[in-house]
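To keep things clear, I will list the structure first and then write my remarks on it.
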Amino acid sequence: MILTDEQILELIKQPAHEEIIERGRSICRESIRHVKGIGVEDFFVDNDVKGYENDEEKLLRRKISRATTVPIFASALGTFDKAFSASGYSCYFEIDGDDKDKTKTKALKAYLNDDIGNGLNIAQWMQHMWGDKIHYDPNGVMMVELPKIEEGEITEGKKNKPYVIFKSIYDIHDFDSDGMKTEYLILKTDCHESEYKKQHKDNSVIYFRAIDQERDLIVRVEKGSGANGEANYEGITILDTDEYPIIPNLWGYVPAIVISGQRDACTEAHQTFIWEAIGTADDYLLDSSIAGISKKKHGFPQKWTYPIPCKLCNGTGKLESVGEMIEGVRLESTWYQCTKCTNGTIPTSPSIAVVKPMPDVNNPDIGEPFGYVTPDITSMEFQISELSRLEKTIHESIWTVIDAQQTSAVQDKTATASVLDVSAKQTKLNKFSSNGEKVEQFLTYTIGKAIYKESFRSSIVKWGRRYYVLSLNELEASFKAA
């Protein structure tokens with residue numbers, strides 16, 4: 001897609017795919033709190049258990065709550081790593097011209113096995129960057145960049161070193177995609193014009209970067225004050241200066257790819273491979289915070305006892321100050337509060353929950369002098385059981401199986417069921433691998449195109465499909481147990 005100047009300015013003022021952008025950011029927020037534990041505090045603020053807890057309990061729950069779903073997802077997502085160790089991987093390049101001895105092919109593979117960005121080679125980038133981001137930022141893009149050549153620099157070989165970057169959905173102002181292919185991309189950017197910044201000391205200027213099939217350019221936006229304090233864009237200018245020139249797009253397409261091929265059911269936003277488990281994970285996060293309150297409150301044994309009389313004041317709570325003797329006459333005594341007790345009884349420690357009244361005529365049976373308060377064991381056991389059920393459901397939602405190694409709530413299974421479980425995992429791993437193949441093939445093709453221009457014809461990447469889901473010992477143990 002080729003955008004005119006007017007279209008670029010209009011898209012900056014009003015993104016054409018605002019609903020998809022917002023949905024993509026929502027997917028990121030929902031997923032990242034379970035995968036990385038980011039945003040958990042906000043989740044608890046937004047999910048008060050109204051009518052069942054007072055303000056003190058709300059604050060306590062937020063204080064002691066933790067991202068309890070992170071280890072569950074870390075365990076479940078570990079199986080996706082099987083895609084990166086599966087045997088059968090291959091990568092081929094087709095280059096026209098004088099490459100009969102495969103010199104260019106070897107040089108390209110050597111570059112891909114070196115540093116393509118963030119100090120990672122292509123295999124590491126796919127596993128540690130794509131394999132990580134795909135689970136919580138599926139609408140982000142991976143794009144190939146060319147290094148900026150500063151004036152006076154030696155440029156020989158410089159342009160032959162493209163590199164890969166990742167842009168989160170939070171960095172994207174607007175974009176249009178056809179599947180995973182990006183038609184145009186408008187990014188928020190932190191670049192600054194040195195001369196213009198000297199004249200504008202405040203933060204009233206922001207910049208955007210627009211990329212389409214023909215151009216890569218920077219747009220300056222002067223923010224005005226709109227109604228109700230909202231930003232009102234005015235003074236929009238497409239830059240074409242020595243510092244920020246309009247760069248022709250050497251690829252003829254936007255060198256960026258949306259990292260996920262999964263699509264959201266409600267919008268055109270892209271989805272993760274774990275979206276089915278997010279709702280249950282939210283329930284787990286909330287329920288574990290409630291169970292944590294019970295655990296903290298009843299984790300210390302709570303005693304009950306009868307009041308312990310103060311020996312200093314004999315249980316009266318007051319001490320006598322005897323009056324002085326003046327000429328053989330003693331002045332009237334005065335009384336003051338006992339400093340060792342409260343109303344005649346010794347203060348109890350925090351471990352004492354209840355102080356029972358002393359026996360009297362109406363209740364003469366003194367019984368045991370002290371004991372322990374029995375907590376609501378039944379409710380606590382139910383909470384633990386429910387958390388175990390939710391944990392199992394999270395794993396089932398991601399893999400459509402009950403994984404004996406990942407959850408404590410496992411039912412007995414036959415040998416046939418064990419084989420079907422492995423088959424279900426392989427089916428999802430195949431989808432995951434197909435998605436990864438497309439991203440890696442796009443990146444390698446785009447890098448090759450940047451280096452060898454028109455002589456670079458194609459890149460073919462095939463990931464292995466022979467996954468080692470279970471070891472031989474695990475398979476043998478599963479069949480023996482069945």
Side-chain angles (χ1 to χ4, degrees), residues 1-18 20-21 116-117 139-151 153 155 158-197 205-223 233-259 439 442-456 459:
M1 180 181 292
I2 300 173
L3 300 175
T4 64
D5 290 355
E6 291 74 18
Q7 287 175 322
I8 291 174
L9 300 181
E10 191 59 35
L11 289 171
I12 289 177
K13 290 180 181 179
Q14 181 58 56
H17 303 88
E18 192 170 15
I20 295 176
I21 298 290
I116 65 164
N139 290 275
V141 299
M142 288 184 173
M143 59 187 295
V144 177
E145 292 270 49
L146 293 175
K148 185 177 179 181
I149 309 300
E150 300 294 342
E151 186 176 355
E153 275 191 286
T155 60
K158 190 87 173 181
K159 289 185 179 179
N160 287 345
K161 292 186 178 179
Y163 58 95
V164 183
I165 62 171
F166 173 78
K167 289 295 183 181
S168 168
I169 187 61
Y170 283 95
D171 298 320
I172 298 173
H173 183 69
D174 192 24
F175 76 115
D176 187 20
S177 64
D178 181 8
M180 297 169 67
K181 177 185 176 184
T182 306
E183 297 291 343
Y184 70 81
L185 181 64
I186 300 177
L187 299 168
K188 301 173 183 177
T189 178
D190 57 358
C191 66
H192 297 285
E193 297 172 275
S194 55
E195 292 301 320
Y196 195 87
K197 189 178 180 183
V205 180
I206 57 176
Y207 294 87
F208 295 91
R209 179 183 177 188
I211 310 169
D212 64 7
Q213 290 178 226
E214 284 192 341
R215 302 178 293 174
D216 185 342
L217 53 85
I218 299 295
V219 181
R220 179 208 301 143
V221 178
E222 299 177 14
K223 292 195 301 182
Y233 294 137
E234 56 186 35
I236 300 181
T237 305
I238 292 177
L239 302 181
D240 191 8
T241 63
D242 291 339
E243 191 173 13
Y244 292 109
I246 296 176
I247 303 173
N249 188 336
L250 68 85
W251 288 283
Y253 60 88
V254 179
I257 184 171
V258 183
I259 66 172
V439 174
F442 176 88
L443 295 178
T444 53
Y445 176 78
T446 304
I447 290 172
K449 203 74 173 173
I451 297 174
Y452 299 118
K453 308 297 187 294
E454 295 303 321
S455 64
F456 189 82
S459 169

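By convention here, the first residue in the shown sequence is residue 1. Note that the coordinates shown come from a computational prediction; the quantities given were computed from them, not determined experimentally.
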query: How would you list, by chain and number, every residue that makes a side chain to side chain donor-acceptor pair (under 3.5 Å) with Glu454, sequence neighbours excluded?
result: none
message: Would the distance check show the side chain of Lys449 and the main-chain N or O of Phe456 forming a donor-acceptor pair, the cut-off being under 3.5 Å?
response: yes
- request: Apply the side chain to side chain contact (heavy atoms under 4.5 Å, CB included) test between Val144 and each candidate in Tyr163, Tyr445, Trp251; give the one that qualifies.
  value: Trp251
query: Do you know which two heavy atoms are closest between Val439 and Met142, and how far apart they sit?
result: CG1-SD, 4.1 Å
task: Go through the structure and list residues passing ring-ring contact (aromatic ring centres under 6.0 Å, His included) with Phe442, not counting sequence neighbours.
output: Tyr253
field: For Tyr244, the option from Ile246, Asp242, Thr241, Ile247 that meets side chain to side chain contact (heavy atoms under 4.5 Å, CB included)
entry: Thr241
message: Donor-acceptor check, side chain of Asn249 to backbone of Asp212, threshold 3.5 angstrom: yes or no?
response: yes
message: Using the side chain to side chain donor-acceptor pair (under 3.5 Å) criterion, which residues pair with Asp174? Sequence neighbours excluded.
response: His17, Tyr184
- prompt: What residues form a side chain to side chain contact (heavy atoms under 4.5 Å, CB included) with Lys188, not counting sequence neighbours?
  reply: Arg25, His173, Phe208
message: Holding to side chain to side chain donor-acceptor pair (under 3.5 Å), I want the full list of residues that pass it with Glu145, two or more places apart in sequence or in another chain.
response: Arg209
field: Under the salt bridge (Lys or Arg N to Asp or Glu O under 4.0 Å) test, residues paired with Asp5 that sit two or more places apart
entry: Arg215
task: List for me each residue that meets ring-ring contact (aromatic ring centres under 6.0 Å, His included) alongside Phe166, sequence neighbours excluded, and say none if there are none.
output: none
field: Those residues that, when tested against Glu18, pass side chain to side chain donor-acceptor pair (under 3.5 Å) (two or more places apart)
entry: Gln14
query: Who pairs with Ala256 by side chain to side chain contact (heavy atoms under 4.5 Å, CB included), at least two apart in sequence or on another chain?
result: Val141, Met143, Thr182, Leu185, Val254
